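All remarks here apply to the structure that follows.
Just so you know, these numbers use all the heavy atoms, side chains as well, and skip hydrogens, waters and symmetry mates. Numbers restart at 1 for each chain; the letters A, B, ... are given by sequence-line order, proteins then strands. Quick caveat, the model's predicted, so the values are computed rather than measured.
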2 protein chains.
Amino acid sequence: MDTAERLIRSAQQLLWERGYVGTSPKAIQQLAEAGQGSMYHHFTGKQDLAFQAIRRNAEQLCSEADERLSTPGTFYERIAAYLLRERDVLRGCRVGRLAADPDVLASPVLRGLLDETFIWLNGRIEELLVEGRECGEFSEALVPSDVACAITAVVQGGYVLAMSAASPEPFERAARGALNLLTAYTT
Amino acid sequence: MDTAERLIRSAQQLLWERGYVGTSPKAIQQLAEAGQGSMYHHFTGKQDLAFQAIRRNAEQLCSEADERLSTPGTFYERIAAYLLRERDVLRGCRVGRLAADPDVLASPVLRGLLDETFIWLNGRIEELLVEGRECGEFSEALVPSDVACAITAVVQGGYVLAMSAASPEPFERAARGALNLLTAYTT
DNA sequence: GTCTATATAGTGATAGAC
DNA sequence: GTCTATCACTATATAGAC
């Protein structure tokens, strides 16, 4: 694996674990076993490297989510598969965590990566709800665009609660709670 | 207002806006118009001051939430009043934001403040759901402990989505989505 | 209680040799 | 492409005068 690749992967890991402000170029270099000079040869600076690392993390998140959401079964089951999938909850969300980072919020280009990710995720869930409603699995009273957003939010908020508690339990309860509510709209 | 109080309030504001890692003692001093010496006279260091500021922010959050949750009306209406209350969504949650901060997570005493806050908030919402179920407003199929957690998570996740989008809209949709789901369980 | 001076370490980047 | 040197700046404190 070449140096640029090692730098990106190290940045991916550290951004996930510590956010942008909490991650220094030096820490990335050490984890990647690369020198100062290497990093600034391959990337223009911290933000450039972070951009590529965050994009990579976002792609992986979308890919993993899509896997569960595309599972066979009813639409309810597919959403349940997504919400209840095994996760290392206490690592937090590799994308959502950055939404609390002042430097990310101040940078339209970095924040844009988060925005895109959630737009995609939300849209994907909304599709399932729309289809589920059309085929009669969900009640007509269900509002797909709002409920999709609520489901996405439950996951992100579940991480926040779990990190605060230093326990995966609040995440799991929130996920079960969302499904419990969704059940009421299944016919 | 005395110096210690000004320092605490300045810290409250900066911690809310920028998190713990993103807030330096110097920035707090400048906002409070206090000198280096003053701060270290009244507090043992950054963490001590932050602890008191976060506790204050947490108390205010609980107090404001309780106000809406204690409103007159049906239990559904009280939860709706909480979810739909006017907020400056793009400021984020003054407590939840810190759940992404590596230094806060590494400090049991700081993290404990977040944990306590969400335990209280969750418990308060669960009470309403339990009472609402007992009086027949909600279906017996509703699981209060899980749904309470989901509601708390929707709010926290709503902030994450809104900050990412630099728009309050995702928060509002998530809140409406949660209520849309809850409606299905009202009799 | 508040001030200024000082200290150690870290941050984010640039320069130029190899 | 990588290395070391250097830089200006900030972070988080401590010391001691006033």
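Taking atom CD of residue Glu33(B) and atom P of nucleotide dC3(C), one finds them 11 Å apart after rounding to whole Å. Regarding Glu5(B), its CD atom lies at a distance of 15 Å from the P atom of dG1(C), rounded to whole Å. In this structure, the CZ atom of Phe43(B) is 12 Å from the P atom of dG1(C), given to the nearest Å. Distance His41(A) NE2 to dT4(D) C1': 17 Å, rounded to the nearest Å. One can place CG of Leu7(A) at 13 Å from P of dG1(D), the figure rounded to the nearest angstrom. The CD atom of Gln47(B) sits 18 Å away from the P atom of dA11(D) (whole-angstrom rounding). Rounded to an integer number of Å, the gap from Met39(A) CE to dC3(D) P is 14 Å.
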Report all interatomic pairs (protein N or O, nucleotide N or O of nucleotides 5-12 of chain C) with separations under 3.5 Å.
unit_1	atom_1	unit_2	atom_2	d
dT11(C)	OP1	Ser24(A)	OG	3.4
dG12(C)	OP1	Lys46(A)	NZ	3.1

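For residues 149-175 of chain B, the pairs satisfying salt bridge (Lys or Arg N to Asp or Glu O under 4.0 Å) are Glu169(B)-Arg173(B), with sequence neighbours left out. Among residues at least two apart or in separate chains, there is no ring pair (Phe, Tyr, Trp, His ring centres under 6.0 Å) pair with a member in residues 54-97 of chain B.
Residue Thr3(A) places none of its side-chain N or O atoms closer than 4.0 Å to OP1 or OP2 of dG1(D).
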Exercise answer: donor-acceptor pairs, residues 31-45 of chain A side-chain atoms, under 3.5 Å, sequence neighbours excluded:
unit_1	atom_1	unit_2	atom_2	d
Gln36(A)	OE1	Gln29(A)	NE2	3.1

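Residues meeting the side-chain hydrogen bond (donor to acceptor under 3.5 Å, both in side chains) test with Arg111(A), sequence neighbours left out: none. Annotation: side-chain hydrogen bond (donor to acceptor under 3.5 Å, both in side chains) contacts of Arg124(A) (sequence neighbours excluded): Asp66(A), Ser70(A), Glu127(A).
Salt-bridge annotation for Arg56(A) and Glu5(A): present, with a side-chain N of the basic residue lying under 4.0 Å from a carboxylate O of the acidic one.
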